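Only one structure is covered here, and it is reproduced in the block below.
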Amino acid sequence: MKTLVVDHPLVAHKLTALRDVRTDSPTFRRLADELVTLLAYEATRDVRVTEATVETPVAPAHGVRLARPAPLVVPILRAGLGMLDGMTRLLPTAEVGFLGMIRDEGTLKAQTYATRLPEDLSGRQCFVLDPMLATGGTLAAAIELLFARGAEDVTAICLLAAPEGVAYLEQVFTDSSNPVRVVTAGLDERLNELGYIVPGLGDAGDRLYGVV
Ligand SMILES: O=P(O)(O)OC[C@H]1O[C@H](OP(=O)(O)OP(=O)(O)O)[C@H](O)[C@@H]1O
Ligand SMILES: O=c1cc[nH]c(=O)[nH]1
Ligand SMILES: [Mg+2]
């Protein structure tokens, strides 16, 4: 598994504002949206393309188009929904599937409460959106589900990751024929005793949509 921490001053600036406890929900949503578009640029570096030729007003020009089948973008509800618009802005022809998952805050185990994905993902490139990679349980379960349906490779886009979560994914995904990549704006210090990323940004879902 490969992990890319995007090193860019605009990403660092927006991430700092996102972390700030004084940042309100509307601003948090805007920053998350902007950050995802910046991360998506790196995350789609290996998106599959096919050669294409178009006629300019002057002459034929050789270029590329996104290959078929279209990539599948999968936000993990709730918090991943705050990353969807920023992603599809850069990849408007992608299809979108949905996974609803919640981490039990006692056991820290992920449970899936909603699945709306194509049954057959053979040959598909998938991009999973979830702002927080903490223990890694949620992302691991989501990625396993996509591979079980035939996905070819999976790139997870996160706003923040913990070393513990990255290590867990490295341990789970060792098959080089089904590569996994994590692209994140920041790799933080550690998890605390409640399974929260330190220094992190708190509960991403609550900060986007309110406490439930
Ligand atoms: O890496 P893990 O330890 O599994 O934790 C990360 C998960 O926790 C958060 O979701 P949460 O369960 O709070 O659901 P929500 O998006 O509805 O708030 C977050 O958005 C991830 O999905
Ligand atoms: O720090 C964390 C860990 C899990 N989920 C969050 O939203 N934040
Ligand atoms: Mg939450």
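We use all heavy atoms of the structure for the numbers below, so side chains are in, but hydrogens, waters and symmetry mates are not. These numbers come from a predicted model, not from an experiment. Note that ligands are numbered from 1 as they come in the structure, with each ligand's atoms numbered from 1 the same way.
- Of the options G202, A134, G200, the smallest heavy-atom separation from atom 8 (N) of ligand 2 is shown by G202.
- The distance from ligand 1 to the heavy atoms of M132 drops below 4.0 Å at these ligand atoms: 6 (C), 19 (C), 21 (C).
- Residue I102 approaches ligand 1 through these ligand atoms, each under 4.0 Å from one of its heavy atoms: 12 (O).
- For atom 9 (C) of ligand 1, the nearest protein heavy atom lies 4.0 Å away or farther.
- The ligand atoms of ligand 1 that sit less than 4.0 angstrom from a heavy atom of G205 are 18 (O).
- Judged by the 6.0 Å distance and 45° axis criteria, R103 is positioned over the aromatic ring of Y196.
- Because the distance cut-off is set at 2.8 Å, D206 fails to qualify as a neighbour of the Mg ion (ligand 3), as none of its N, O or S atoms comes that close.
- Counting only heavy atoms of the protein, atom 12 (O) of ligand 1 lies nearest to R103 N, 2.8 Å.
- Atoms of ligand 1 found under 4.0 Å from any heavy atom of D203 (numbered from 1 in listed order, with element): 13 (O), 18 (O).
- In terms of protein heavy-atom proximity, atom 7 (O) of ligand 2 is nearest to A204 N, 2.8 Å.
- With hydrogens left out, the protein atom closest to atom 1 (O) of ligand 2 is I197 N, 2.9 Å, a heavy atom.
- Protein heavy atom at the shortest distance from atom 4 (C) of ligand 2 is R103 NH2, 3.5 Å.
- Panel note: side chain E152, backbone N178; no donor-acceptor pair is recorded below 3.5 Å.
- Distances between N or O atoms of T135 and those of ligand 1 include at least one value under 3.5 Å.
- At the top of the distance list for atom 18 (O) of ligand 1, counting protein heavy atoms only, stands R78 NH2, 3.0 Å.
- In A134, the parts holding a heavy atom less than 4.0 Å from any atom of ligand 1 are both the side chain and the backbone.
- The nearest protein atom to atom 14 (O) of ligand 1, hydrogens excluded, is given as M101 O, 3.9 Å; this is a heavy-atom distance.
- Closest to atom 2 (C) of ligand 2, if we only count protein heavy atoms, is Y196 CD2, 3.5 Å.
- Annotation for L99 and A142: closest pair CD1-CB, 3.7 Å, computed over non-hydrogen atoms.
- In terms of polar-atom proximity, I76 is not counted as a contact of ligand 1, lacking any N or O under 3.5 Å from an N or O of the ligand.
- One option in L99, D206, T138, D130 has a heavy atom closer to atom 21 (C) of ligand 1 than any other, and that option is D130.
- Those atoms of ligand 1 with a heavy atom of A79 less than 4.0 angstrom away are 16 (O), 20 (O).
- A single hydrophobic cluster is not seen to contain both V180 and V73; linkage of ILVMFWY side chains at heavy-atom distances under 4.5 Å, directly or through other members, places them apart.
- Atom 3 (O) of ligand 1 is approached by the protein to below 4.0 angstrom, counting heavy atoms only.
- Closest non-hydrogen pair, P60 versus T53, comes out as CB-CG2, 4.1 Å.
- Among the candidates D188, L187, T135, the single residue satisfying the side chain to side chain contact (heavy atoms under 4.5 Å, CB included) test with I197 is D188.
- A donor-acceptor pair under 3.5 Å is formed between the side chain of Q125 and the backbone N or O of D46.
- Salt bridge status for R149 with E119: present, with a side-chain N to carboxylate O gap under 4.0 Å.
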Stepwise side-chain hydrogen bond (donor to acceptor under 3.5 Å, both in side chains) check, T23 with D20
CA-CA 6 Å; T23 298; D20 192 330; 4.8 Å; no

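- Ionic pairing of R89 and D33 is present here: one or more N-O contacts between side-chain nitrogen and carboxylate oxygen are shorter than 4.0 angstrom.
- In this structure, R124 pairs ionically with E95, as a charged nitrogen and a carboxylate oxygen lie closer than 4.0 Å.
- Residues R78 and D206 are paired through a salt bridge, judged by an N-O separation under 4.0 Å between the basic side chain and the carboxylate.
- In this structure, G136 is part of the shell of residues with a heavy atom less than 4.0 angstrom from ligand 1.
- Close approach of ligand 2 to G195 is summarised as follows: ligand atoms under 4.0 Å from at least one heavy atom of the residue are 3 (C).
- Counting only distance, with no hydrogens or angles, the side chain of T37 and the backbone of G86 share a donor-acceptor pair below 3.5 Å.
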